[in-house]
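All figures in this text were calculated on a predicted structure; none of them were measured in a lab. Numbered from 1 within each chain, the chains take letters A, B, ... in sequence-line order.
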Protein chains: 2
Amino acid sequence: MRAKEAAERLGITQRMLRHYEKAGLMDIRRSENGYRIYGEADLRRAGRIRDFIETGFSTREIRTMASCLTDDGAGPCEGGIEQLLQKLGHIDRLRADLDARREAVLDRLAMLRDALSNHLEGSESQQVAPDITVPEGTPHGRRPNPAGVESGAARR
Amino acid sequence: MRAKEAAERLGITQRMLRHYEKAGLMDIRRSENGYRIYGEADLRRAGRIRDFIETGFSTREIRTMASCLTDDGAGPCEGGIEQLLQKLGHIDRLRADLDARREAVLDRLAMLRDALSNHLEGSESQQVAPDITVPEGTPHGRRPNPAGVESGAARR
DNA sequence: CAGAACGCTGACATCTATGTCAGGGTTCTG
DNA sequence: CAGAACCCTGACATAGATGTCAGCGTTCTG
């Protein structure tokens with residue numbers, strides 16, 4: 001397929017697709033007229049690159065773990081794992097934090113709702129947020145190092 | 001504590017600490033001589049900001065969810081239910097975002113680990129990342145669309 | 001006290017990610 | 001065929017994260 005479709009399927013702009021290429025992260029085949037021709041594998045690769053970038057990696061870092069971009073789980077993918085684990089650490093810390101906060105909010109919310117209904121029992125009822133449905137959102141529970149400041153000195 | 005110590009404990013530079021401040025993400029107390037004085041709560045807040053940033057968020061985006069940076073899940077909350085619901089919305093959206101990122105990372109990680117073990121099956125084994133343990137942290141499982149090209153059109 | 005170590009501000013510099021525009025082909029369609 | 005819709009390259013532009021240096025006060029220590 002050509003640029004437009006590829007970009008659409010990936011949810012990014014053609015600009016970025018070219019950017020990845022220029023950054024040396026991919027090498028797209030060209031048709032005789034010079035148009036880029038993306039194959040499914042290219043899409044997958046670009047999709048991974050996109051994800052890496054949206055996860056906070058720079059093309060520079062990604063190039064470092066180029067072997068982590070191919071379909072075939074071949075190459076050792078040196079470097080990739082540690083870097084990923086590190087990111088995971090950041091993400092998990094934030095998640096834990098958000099989970100805690102989320103619960104606090106839910107609690108408060110429930111409390112208010114109770115108070116409210118008890119209060120306007122039988123009154124004209126002002127109908128403030130009538131049917132509060134707790135928006136589901138992945139299970140949450142344990143909450144280690146609540147507001148953890150650190151998690152391993154000397155970084156980056 | 002003062003700048004140097006704070007920065008060290010957070011694993012970032014004083015420069016960035018000032019950057020967060022200038023970005024309107026925190027407001028650090030000053031001693032009479034003008035020196036910044038960081039308290040534990042400031043550290044926690046800065047730590048979260050740091051994590052958000054390293055997870056790919058910009059100060060601009062972070063400012064948007066400023067209420068997610070405080071320790072107390074409590075907070076002003078004046079305005080009641082609407083505000084709470086709104087906050088809940090932010091939190092959940094944030095969580096969704098983090099989940100996506102987290103999962104992308106986990107997927108890649110699992111994939112890599114598999115490839116790796118399959119690869120050095122019985123060989124002299126170079127011991128690259130010997131005992132990769134997926135850091136526990138909220139349950140995760142399904143992994144549809146392995147090398148997922150897409151993940152929902154119109155993103156961001 | 002002198003010098004080291006540290007703090008502050010502001011400015012300039014680099015790198016990336018992205019957007020957008022221009023100038024100029026190529027393809028598809030009514 | 002004419003115009004729309006695409007594609008390409010290259011350049012200029014912005015924003016944000018970070019680094020680093022200068023010029024200048026403050027603290028701590030031998």
* Could you give the OH-to-C1' distance, from B/Y20 to D/dG16, as a whole number of Å? -> 12 Å
* Structure fact -> To the nearest angstrom, the CD1-P distance between B/I49 and D/dT18 comes to 12 Å
* Structure fact -> Nearest-nucleotide check on DNA chain D, B/Y35 vs B/T13; residue mapping nearer the 5' end is B/T13
* Asked: Taking atom P of D/dC7 as reference, at what distance in whole Å does atom CZ of A/R30 sit?
  -> 12 Å
* Find the distance A/I28:CD1 to D/dC8:P and express it as a whole number of Å. => 11 Å
* Could you state the atom-to-atom distance from CD1 of A/I53 to P of C/dT18 in whole Å? => 6 Å
* **Interatomic distance where NE2 belongs to A/H19 and P belongs to C/dC15 [whole Å]** => 14 Å
* Counting any heavy atom closer than 4.0 Å, what does B/R18 reach on the DNA or RNA strands: base, sugar-phosphate only, or nothing? -> base
* Asked: Between C/dC6, D/dA17, D/dC7, which nucleotide gets closest to the side-chain atoms of A/K4?
  -> D/dC7
* Does a sphere of radius 6.0 Å around CG in A/N33 hold more than 12 heavy atoms from other residues, nucleotides or ligands, not counting ones at 6.0 Å or beyond? -> yes
* Closest approach of A/A46 and A/L10, non-hydrogen atoms and distance? -> CB-CD1, 3.5 Å
* To do: Report yes if at least one side-chain N or O of B/R60 is closer than 4.0 Å to OP1 or OP2 of D/dA15; otherwise report no.
  => no
* Taking the nucleotide of DNA chain D with the closest heavy atom to each, which residue, A/Y38 or B/R2, is nearer the 5' end? -> A/Y38
* To do: Report the nucleotide, chosen from D/dT18, D/dC7, C/dC8, that has the shortest atom-to-atom distance to any side-chain atom of B/M16.
  => D/dT18
* Asked: Considering only side-chain heavy atoms of A/S58, which listed nucleotide, C/dG25, C/dC6, C/dT16, is closest?
  -> C/dT16
* Structure fact -> Between CZ of B/R50 and P of D/dG16 the distance, given in whole Å, is 22 Å
* Is B/R36 near enough to D/dT26 that one of its side-chain N or O atoms lies under 4.0 angstrom from OP1 or OP2? -> no
* **C/dG19 base / A/R15 side chain donor-acceptor hit below 3.5 Å** => yes
* Asked: Does OP1 or OP2 of D/dT27 have a side-chain N or O of B/N33 closer than 4.0 Å?
  -> yes
* Does the pair A/E40/A/R45 count as a salt bridge with the N-to-O cut at 4.0 Å? -> no
* **Check against salt bridge (charged side-chain N to carboxylate O under 4.0 Å, His left out), B/E21 and B/R15** => CA-CA 10 Å; B/E21 221 181 313; B/R15 177 69 168 70; over 6 Å; no
* Counting distance only, does the side-chain N/O of B/R2 pair as donor-acceptor with the main-chain N or O of B/Y35 below 3.5 Å? -> no
* Length of the CD-C1' vector between B/E8 and C/dA5, whole Å -> 12 Å
